[in-house]
Trainee: 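Have a look at the structure that comes next, please.
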There are 2 protein chains.
Amino acid sequence: MKIERSPVSILENPSLNAALTSIQTALSEHKTLILVANCAVEYKGRANSKLEPGERILIIKEDGSVLVHRPTDYSPVNWQPPGCLFQTGISEGKLRIRAVRKKVRESITIIFGKIYLLAVLSLVDKGAFSLYASEEDMEKAIVAEPSLIESGFQVIAFEKPIEPGFVDIYGIDEKGHLVVIEIKRGTAGKTAILQLEKYLEAIRKVAKREIRGILVAPNIAKGVHPLLTSLKIEYKPLSPQECYNILQKQQILRQKGLEGFF
Amino acid sequence: MKIERSPVSILENPSLNAALTSIQTALSEHKTLILVANCAVEYKGRANSKLEPGERILIIKEDGSVLVHRPTDYSPVNWQPPGCLFQTGISEGKLRIRAVRKKVRESITIIFGKIYLLAVLSLVDKGAFSLYASEEDMEKAIVAEPSLIESGFQVIAFEKPIEPGFVDIYGIDEKGHLVVIEIKRGTAGKTAILQLEKYLEAIRKVAKREIRGILVAPNIAKGVHPLLTSLKIEYKPLSPQECYNILQKQQILRQKGLEGFF
DNA sequence: GAGTGGATTTCGCAT
DNA sequence: ATGCGAAGTCCACTC
């Protein structure tokens with residue numbers, strides 16, 4: 001018989017001492033904790049806050065972050081970012097957890113009444129998270145809103161076939177100079193710069209006037225700045241998210257109804 | 001024997017169908033749900049995102065908000081603000097929950113693998129939450145940083161005893177005019193304005209020069225603007241939080257170590 | 001360490 | 001609904 005790994009260990013309505021022991025062990029082993037309990041919370045730090053007793057969900061994560069959630073609202077009523085140090089104990093017959101942050105000198109103290117559920121978790125989560133606004137989306141956004149590049153910029157063409165391939169965006173600046181834009185969705189490296197340079201050289205052979213090359217990306221790799229300057233290529237930071245927002249504003253991405261779920 | 005209310009109903013390692021039934025009931029009754037499960041998440045809306053399978057904590061609240069938390073980080077990896085409509089079902093042998101928001105047309109879909117824990121909660125939380133930087137703190141902040149009121153403002157005295165009571169702050173502006181400041185921590189109403197007016201009248205009787213009255217508060221009540229203008233009292237918005245930040249910067253509120261917990 | 005800018009920011013309040 | 005500003009914003013990055 002195969003024994004399945006159980007990442008969840010549950011205590012229902014634990015006694016004060018059982019809860020304390022379980023919490024202390026979990027904290028020392030950097031496990032994730034979920035508590036459903038009646039509790040009061042105090043925060044002292046950048047501001048002060050006090051939360052009177054009530055039934056809430058409390059999460060303490062492996063990295064030392066803390067969340068106190070009421071039964072409504074997206075955002076936690078009290079919280080602590082990662083990196084907390086914890087103090088636990090029983091005083092005046094009540095279980096207390098204090099989470100202290102050092103760098104911003106602030107703390108929350110949770111004073112527990114009845115604990116309904118205490119779950120100790122050993123979660124394994126290696127799943128990649130990707131947020132995507134495609135390079136194509138970024139291109140659309142610039143076409144729709146050329147001032148994203150700079151004031152006075154105008155798009156002449158996009159996905160324009162040039163000798164080595166396709167130029168992302170081809171335009172003209174305020175002073176009438178030609179502009180060639182290369183877009184990267186993620187960190188732009190040496191490859192992206194050299195690709196843009198190839199287009200620039202190809203166009204320079206044909207049109208003998210001044211051409212500017214602009215690399216558009218959310219960020220650029222370390223150490224490629226010298227290459228940029230030596231090739232006189234400019235860098236314009238632009239995030240996929242910002243592009244998405246613009247597209248939505250311009251209603252270019254039309255979201256349809258609830259199609260395609262089941 | 002007294003039967004205690006149990007706001008928590010727990011299923012450990014539920015079957016697909018048991019979980020579906022439980023979730024559907026909970027959603028229709030607007031109860032709060034906690035799930036610990038292996039799941040994948042897709043988001044479509046303001047941006048698109050995809051989260052590959054992994055073990056996470058999922059919270060669906062009474063108000064239709066959704067949180068997907070990984071075992072690290074303060075912020076949820078995926079979420080949905082309150083007011084979602086839910087679709088649930090089993091397709092391709094997997095339990096799915098889809099949360100759709102109407103006004104911002106966005107949705108997240110959670111595709112479940114193994115569910116380790118399903119807790120249905122009926123939380124009662126009436127506890128008041130208060131975030132406080134006291135009126136005294138605001139006063140301290142203005143004394144420490146008079147430019148909060150306006151450039152060139154100087155404090156002459158605070159908590160100064162005047163005929164009807166104590167003036168919060170008494171000062172002089174850039175042009176040498178007297179200034180009387182009334183501070184309110186919360187919304188300033190008619191009472192606050194009339195109180196300030198009383199001080200102003202009392203001082204006008206003594207000093208026969210021009211006096212400005214400034215009401216300092218994070219906001220003012222509806223419909224009192226006419227009263228302000230008719231009494232020629234000025235209004236300076238200032239939040240307790242901002243005051244707190246200034247006090248901390250000026251190190252007037254000195255946070256000490258970990259004293260006084262146990 | 002402080003300062004800057006983005007975020008599926010969220011959350012108010014005013015228009 | 002839209003727009004503007006604050007937030008215990010958080011977070012990543014630069015200086």
Side-chain angles (χ1 to χ4, degrees), chain A residues 41-51 63 65-68 72-84 99-108 129-133 137 187 217-222 225 235 237-249 253 255, chain B residues 41-51 63 65-68 72-84 99-108 129-133 137 186-187 217-223 225 235 237-249 253 255:
Chain A
V41 186
E42 275 184 38
Y43 164 74
K44 293 189 178 189
R46 285 171 281 183
N48 294 6
S49 80
K50 186 178 261 186
L51 177 62
D63 59 359
S65 49
V66 181
L67 303 168
V68 181
T72 59
D73 300 331
Y74 151 83
S75 58
V77 59
N78 279 112
W79 71 93
Q80 204 69 288
C84 285
V100 181
R101 216 150 72 100
K102 293 293 187 182
K103 35 185 182 184
V104 190
R105 195 67 83 168
E106 56 188 349
S107 69
I108 63 173
F129 176 74
S130 52
L131 185 66
Y132 45 92
D137 290 328
T187 301
N219 43 52
I220 52 175
K222 281 188 72 156
H225 250 298
Y235 167 55
L238 187 63
S239 74
Q241 282 75 11
E242 198 180 337
C243 291
Y244 238 90
N245 294 342
I246 284 150
L247 290 179
Q248 290 235 325
K249 236 177 223 168
L253 289 177
Q255 295 268 337
Chain B
V41 186
E42 275 185 39
Y43 164 74
K44 293 187 178 190
R46 285 170 282 183
N48 293 7
S49 80
K50 187 178 259 185
L51 178 62
D63 59 359
S65 49
V66 181
L67 303 168
V68 181
T72 59
D73 299 332
Y74 151 84
S75 59
V77 61
N78 279 112
W79 71 91
Q80 202 71 287
C84 286
V100 181
R101 218 149 70 100
K102 294 293 185 184
K103 35 185 183 186
V104 190
R105 195 68 84 170
E106 57 187 351
S107 69
I108 63 173
F129 176 73
S130 51
L131 185 66
Y132 47 93
D137 291 328
T187 301
N219 42 53
I220 52 175
K222 281 188 71 156
H225 249 300
Y235 167 57
L238 186 64
S239 75
Q241 282 76 12
E242 198 180 339
C243 291
Y244 237 88
N245 294 341
I246 284 151
L247 290 178
Q248 289 233 327
K249 233 177 225 168
L253 289 177
Q255 294 268 336

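Note on naming: letters A, B, ... go to the chains in the order of the sequence lines (proteins, then strands), and numbering restarts at 1 for each one.
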Trainee: Looking at D:dG8, C:dT8, D:dC11, which one has an atom nearest to any side-chain atom of A:Leu131?
Mentor: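 It is C:dT8.
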Trainee: Could you tell me the separation between the NZ atom of A:Lys102 and the P atom of C:dG1, rounded to a whole number of Å?
Mentor: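 Result: 13 Å.
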Trainee: In whole Å, I'd like the distance from the CD atom of A:Glu106 to the C1' atom of D:dA7.
Mentor: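 Checked: the CD to C1' distance equals 13 Å.
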Trainee: Quick one: closest heavy-atom pair of A:Glu106 and A:Pro81, and the distance?
Mentor: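 Heavy atoms only, the tightest pair is OE2-CD, 4.3 Å.
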Trainee: Atom OH of B:Tyr235 and atom P of C:dC13: how far apart are they, to the nearest Å?
Mentor: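 Rounded to the whole Å, the gap is 11 Å.
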Trainee: Write down the distance separating the P atoms in C:dT8 and C:dT4, rounded off to the nearest Å.
Mentor: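 Between the two P atoms, the distance is 22 Å.
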Trainee: Between C:dC11, C:dT8, D:dC10, which nucleotide gets closest to the side-chain atoms of A:Pro81?
Mentor: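 Taking heavy atoms from C-beta onward, the closest nucleotide is D:dC10.
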Trainee: Check every atom of C:dT10, D:dG8, D:dC11 against the side chain of B:Tyr74 and return the nucleotide holding the closest atom.
Mentor: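 Between C:dT10, D:dG8, D:dC11, the one nearest the side chain of B:Tyr74 would be D:dC11.
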Trainee: Over how many whole Å does the gap from B:Phe129 atom CZ to C:dC11 atom P extend?
Mentor: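 One finds 13 Å between P of C:dC11 and CZ of B:Phe129, rounded.
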Trainee: Output the single nucleotide from D:dC11, D:dG8, C:dT8 whose closest atom is nearest the side chain of A:Arg46.
Mentor: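 Side chain of A:Arg46 sits closest to D:dG8.
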Trainee: Want to settle it: does B:Pro82 or B:Asn78 sit nearer the 5' end of DNA chain C, counting the closest nucleotide to each?
Mentor: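 Nearest-nucleotide comparison on DNA chain C picks B:Asn78.
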Trainee: Nearest whole angstrom, please: distance from the C1' of C:dT10 to the CG of B:Leu67.
Mentor: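 Taking atom C1' of C:dT10 as the reference, CG of B:Leu67 is at 12 Å.
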Trainee: Does A:Ser75 put a side-chain nitrogen or oxygen below 4.0 Å from OP1 or OP2 of C:dC11?
Mentor: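 Answer yes for this pair, as a side-chain N or O of A:Ser75 is under 4.0 Å from OP1 or OP2.
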Trainee: Do you know which two heavy atoms are closest between B:Arg101 and B:Cys84, and how far apart they sit?
Mentor: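 Result for this residue pair: CD-SG, 4.3 Å.
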Trainee: Over 60° means perpendicular and under 30° means parallel, so tell me whether B:Trp79 and A:Tyr74 are parallel, tilted or perpendicular.
Mentor: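 Answer is tilted, since the angle falls between 30° and 60°.
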Trainee: Examine the base of D:dG5 for any acceptor or donor lying under 3.5 Å from a partner atom in the side chain of B:Glu242, and report the outcome as yes or no.
Mentor: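 No pair found.
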Trainee: Decide yes or no, distance alone: a donor-acceptor N/O pair under 3.5 angstrom between the base of D:dG8 and the side-chain of A:Asn48.
Mentor: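 Counting by modelled atom types and ignoring angles, no donor-acceptor contact under 3.5 Å is found here.
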Trainee: Does A:Lys103 or B:Ile220 map to a spot on DNA chain C nearer the 5' end, using the closest nucleotide for each?
Mentor: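 Its nucleotide being nearer the 5' end, the pick is A:Lys103.
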Trainee: To the nearest Å, give me how far apart CZ (B:Arg101) and C1' (C:dT8) are.
Mentor: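 Atom CZ in B:Arg101 sits about 9 Å away from atom C1' in C:dT8.
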Trainee: Between A:Leu238 (CG) and C:dA7 (P), how many Å, whole number?
Mentor: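 It works out to 9 Å between those atoms.
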Trainee: Can you tell me if the side-chain N/O atoms of A:Trp79 get under 4.0 Å from OP1 or OP2 in D:dT9?
Mentor: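 No, because none of the side-chain N or O atoms of A:Trp79 sits under 4.0 Å from OP1 or OP2 of D:dT9.
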Trainee: Base, sugar-phosphate, or nothing for A:Tyr43, non-hydrogen atoms under 4.0 angstrom?
Mentor: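 Base, at least one base heavy atom under 4.0 Å.
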Trainee: To the nearest 0.5 Å, what is the distance between NZ on A:Lys44 and CZ on A:Arg105?
Mentor: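 One gets 14.0 Å once the value is rounded to the nearest 0.5 Å.
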Trainee: Rounding to an integer number of angstrom, what distance separates D:dC4 and D:dG8 when you compare their P atoms?
Mentor: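 Roughly 22 Å separates the two P atoms.
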Trainee: Provide the closest heavy-atom pair for B:Leu238 versus B:Cys243 in the form atom of the first, atom of the second, distance.
Mentor: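 Where B:Leu238 meets B:Cys243 most closely, the heavy atoms are CD2-SG, 3.6 Å.
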Trainee: Rounded to whole Å, how long is the line connecting atom CG of B:Asp73 with atom C1' of D:dA12?
Mentor: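 Rounding to the nearest Å, CG of B:Asp73 and C1' of D:dA12 are 12 Å apart.
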Trainee: Short question: side chain of A:Asn48, backbone of B:Tyr132 - any donor-acceptor pair under 3.5 Å?
Mentor: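 Checked: no pair found.
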